[in-house]
Amino acid sequence: MLDINWIKANPAAFDMLQKGRKNVPFSASDLIAIDDRRRAAILSVEDAQAKRNALSKDIGIAKAQKDEARAATLMAEVASLKDAIQKGEETRRDADEALRSALLVLPNLPLSDVPVGSDEADNAPYFGPNGSAETAAKTRPPKPAFGFAPREHYELGEAMGGMDFEAAARLSGSRFVVLKHDLARLERAIGQFMLDLHVEQHGYTEINPPLLVRDDALYGTNQLPKFADDLFFTPHGDGRLALIPTAEVPLTNMVRESILSLDALPIRMTALTPCFRSEAGSAGRDTRGMLRQHQFNKVEMVSITSAEAGEDEHEKMLSDAEDVMKTLGLHYRVMKLCTGDMGFGARRTYDIEVWLPGQDTYREISSVSYCGDFQGRRMDARYRDADGKMRPVHTLNGSGVAVGRALIAVMENYQQDDGAIAIPAALQPYMRGRTRIGGRP
RNA sequence: GGAGAGAUGGCCGAGUGGUCGAAGGCGCACGCCUGGAAAGUGUGUAGGCGGGGAACCGUCUCAAGGGUUCGAAUCCCUUUCUCUCCGCCA
């Protein structure tokens with residue numbers, strides 16, 4: 001949620017920054033008009049309340065002095081204010097609600113270094129704050145070479161009997177998969193490895209959060225009110241709970257409605273959880289294989305920071321996610337998303353795209369976003385800065401990384417000509433030392 | 001699911017209709033004391049919103065929402081959450 005006072009002070013900048021975004025429902029002048037109505041309502045109701053309070057105080061004094069006649073006079077006077085106060089409070093509530101609901105559907109403002117563009121074609125390669133294409137080529141794993149035509153993950157998986165889409169369809173419909181024996185084990189190994197890496201090497205606290213959350217949490221991390229169609233809900237009592245679409249929701253909302261001291265920051269959390277996405281808008285995309293599923297596992301990183309620390313933390317989190325790719329030896333590139341491709345709550349997003357030789361293309365495997373104080377304001381999560389002032393916390397989230405897609409990437413990048421999958425060294429301890437699975441015995 | 005108890009400031013905790021945003025304590029900040037520290041001691045210390053250049057003023061907030069009343073932390077209703085006991089349960 002954006003700050004109306006900032007918008008009022010910087011209307012031109014607001015309109016300019018929102019230009020690159022899709023579906024921006026309000027201009028600065030719309031919002032200022034809504035806010036002006038709100039302020040007028042406040043002024044009028046508070047004036048009446050001040051009168052009432054002053055008179056009531058006098059009534060108390062008169063009663064204490066046993067001056068019943070004077071008390072009666074004053075009481076009659078207050079009675080005449082009652083109606084106006086009642087109506088004024090309603091007007092004020094409506095005006096507050098109008099502003100709030102307008103602000104809730106407004107996307108975050110891109111930072112100034114974010115490229116302006118309409119879709120993924122306008123994303124820009126990113127090599128780190130001091131990096132270049134040359135340094136990246138040296139530090140990132142190279143693209144693997146194959147002496148045969150590399151196959152796609154589902155061909156490999158079905159051939160080794162470890163990936164069963166037909167059984168999944170009978171159980172649950174499309175966009176589910178059943179993993180079996182060695183592939184099930186490998187999927188688990190990848191998740192454990194990544195979680196351990198972030199906990200042991202990168203300073204994150206392991207969290208095992210609820211997978212069902214309330215609407216309030218979803219407002220906090222901006223899945224609601226706009227993106228309800230992407231979520232699965234389940235009835236609960238008279239209401240409902242949502243299955244988390246990402247552990248960003250529970251991890252970030254850990255700090256909701258709280259006041260943190262500066263020295264408690266940053267708070268770095270990681271979790272390995274299933275994620276559930278209805279993906280209502282993506283019918284027909286990536287229907288083959290397990291690239292796009294209704295349910296998948298993901299290791300998520302979340303960091304809660306002060307305003308000053310947010311941007312550095314963004315680079316750290318990206319490098320933590322890149323470390324997964326490097327340790328697994330997976331070739332990848334990093335893209336800085338353009339304004340049109342960036343998610344609703346982000347001020348800047350880096351995507352890590354892994355090379356998939358079977359598909360002969362790069363595919364997103366991690367998305368690392370800096371949200372500024374956008375979610376902090378929605379969650380009412382604050383901290384005291386060095387001057388003791390209350391400020392909304394800054395939040396960041398990143399996949400570290402998607403487990404299902406990492407499985408795909410390991411399979412396609414480590415495939416052998418006989419259909420076997422070599423196990424990357426980092427995963428071997430999680431595979432009881434095995435160096436390959438599948439293929440001809 | 002049944003029965004009961006509870007929710008007050010950063011934390012603990014008092015407050016059952018009237019100048020209560022709220023005693024007291026802890027914590028924190030600043031000062032005194034000290035060679036320095038601890039102890040002791042003094043002062044200060046909620047947030048949101050609105051008005052104002054500022055000092056400051058107004059308003060709202062004692063889980064949330066509604067009601068009674070001239071006036072509610074305090075009385076009534078609803079909801080949420082927490083705890084205890086019972087039942088059920090991985």
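Note: hydrogens, waters and symmetry copies are ignored here, and every other heavy atom, side chains too, is used. Proteins come first, then strands; the chains are lettered A, B, ... in the order of their sequence lines, and each starts at number 1. If you're wondering where the values come from, they're calculated on a predicted model, not measured in any experiment.
Following rounding to the nearest Å, Arg39(A) (CZ) and C49(B) (C1') show an atom-to-atom distance of 9 Å. The CD-P distance, from Glu97(A) to A64(B), rounds to 17 Å in whole Å. The nearest whole Å value for the distance from the CZ atom in Arg256(A) to the C1' atom in C81(B) is 14 Å. Atom-to-atom, CD1 of Ile4(A) to P of G48(B) comes out at 17 Å; the value is rounded to the nearest Å. The nearest whole Å value for the distance from the CD atom in Glu89(A) to the C1' atom in G66(B) is 12 Å. The separation between Met390(A) atom CE and C49(B) atom P is 11 Å, rounded to whole Å. Atom-to-atom, CD1 of Ile85(A) to P of C60(B) comes out at 9 Å; the value is rounded to the nearest Å. As a whole-Å value, the separation of Met379(A) CE from G47(B) P is 20 Å.
The nearest heavy atom of RNA chain B to Asn5(A) and to Lys51(A) marks one nucleotide each, and the one closer to the 5' end goes with Asn5(A). Between Met75(A) and Leu43(A), the residue whose closest nucleotide on RNA chain B is further toward the 5' end is Leu43(A).
Here the side chain of Lys57(A) is nearest to one of U59(B), U19(B), G50(B), namely U19(B). Distance from the side chain of Ile59(A) is smallest to G18(B) among G10(B), U80(B), G18(B). Side-chain proximity of Arg92(A) to G18(B), A46(B), U59(B): nearest is U59(B). Candidate nucleotides U59(B), C70(B), G50(B) were compared by shortest atom distance to the side chain of Gln49(A), and U59(B) ranks first. When the nucleotides C49(B), G47(B), C60(B) are ranked by their closest atom to the side chain of Glu46(A), C49(B) comes out on top. Closest to the side chain of Ala50(A), from the set U59(B), G50(B), G71(B), is U59(B). For Ile42(A), counting side-chain heavy atoms from C-beta on, the closest listed nucleotide (G48(B), G51(B), C49(B)) is C49(B).
Aromatic ring pairs are classed by plane angle as parallel below 30°, tilted from 30° to 60° and perpendicular above 60°; the pair Tyr350(A) and His314(A) is parallel.
A salt bridge is absent between Glu248(A) and Lys298(A): the closest approach of a Lys/Arg side-chain nitrogen to an acidic carboxylate oxygen does not fall below 4.0 angstrom. A salt bridge is absent between Lys51(A) and Glu77(A); no separation between the charged side-chain nitrogens and carboxylate oxygens falls under 4.0 Å. For the pair Asp96(A) and Arg93(A), the salt-bridge criterion is not met [side-chain N within less than 4.0 Å of a carboxylate O]. The existence of a salt bridge linking Asp15(A) and Lys19(A) is excluded, since no basic side-chain nitrogen approaches an acidic carboxylate oxygen closer than 4.0 Å.
Within the structure, a side-chain polar atom (N or O) of Arg93(A) is placed less than 4.0 Å from OP1 or OP2 of G66(B). For G50(B), the OP1/OP2 oxygens have a side-chain nitrogen or oxygen of Arg38(A) closer than 4.0 Å. Between Gln86(A) and G67(B) there is a side-chain N or O to OP1 or OP2 distance below 4.0 Å. Between Arg52(A) and C60(B) there is a side-chain polar atom (N or O) within less than 4.0 angstrom of OP1 or OP2. Applying the 4.0 Å criterion to OP1 and OP2 of U59(B), one finds that Asn53(A) has a side-chain N or O inside that range.
In this structure, G6(B) and C81(B) make a Watson-Crick or G-U wobble pair, each of the two defining distances being under 3.5 angstrom. In this structure, C70(B) forms a base pair with G18(B), meeting either the Watson-Crick or the G-U wobble geometry with both donor-acceptor distances under 3.5 Å. In this structure, U41(B) and G31(B) make a Watson-Crick or G-U wobble pair, each of the two defining distances being under 3.5 angstrom. G47(B) and C60(B) make up a base pair, with Watson-Crick or G-U wobble contacts both under 3.5 Å. In this structure C11(B) sits in a base pair with G25(B), meeting the Watson-Crick or G-U test at under 3.5 Å. Using the Watson-Crick or G-U wobble rule with both distances under 3.5 Å, G1(B) pairs with C86(B).
Atom C1' of U34(B) sits at a distance of 11 Å from the matching atom of G40(B), rounded to the whole Å. Nucleotides G9(B) and G15(B), compared at atom P, are 16 Å apart to the nearest Å. Using C1' as the reference atom, G71(B) and G17(B) are 8 Å apart when rounded to the nearest Å. Nucleotides U59(B) and G4(B) are separated by 39 Å at their C1' atoms, to the nearest Å. Straight-line distance between the P atoms of G58(B) and G6(B): roughly 36 Å, to the nearest whole Å. Only the C1' atoms considered, G1(B) is 38 Å distant from G10(B), to the nearest whole Å.
With 3.5 Å as the limit, one finds no donor-acceptor pair spanning the side chains of Glu313(A) and Thr305(A).
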- Item | Stepwise salt bridge (Lys or Arg N to Asp or Glu O under 4.0 Å) check, Asp373(A) with Arg377(A) | CA-CA 6 Å; Asp373(A) 63 8; Arg377(A) 199 170 280 116; 2.8 Å; yes

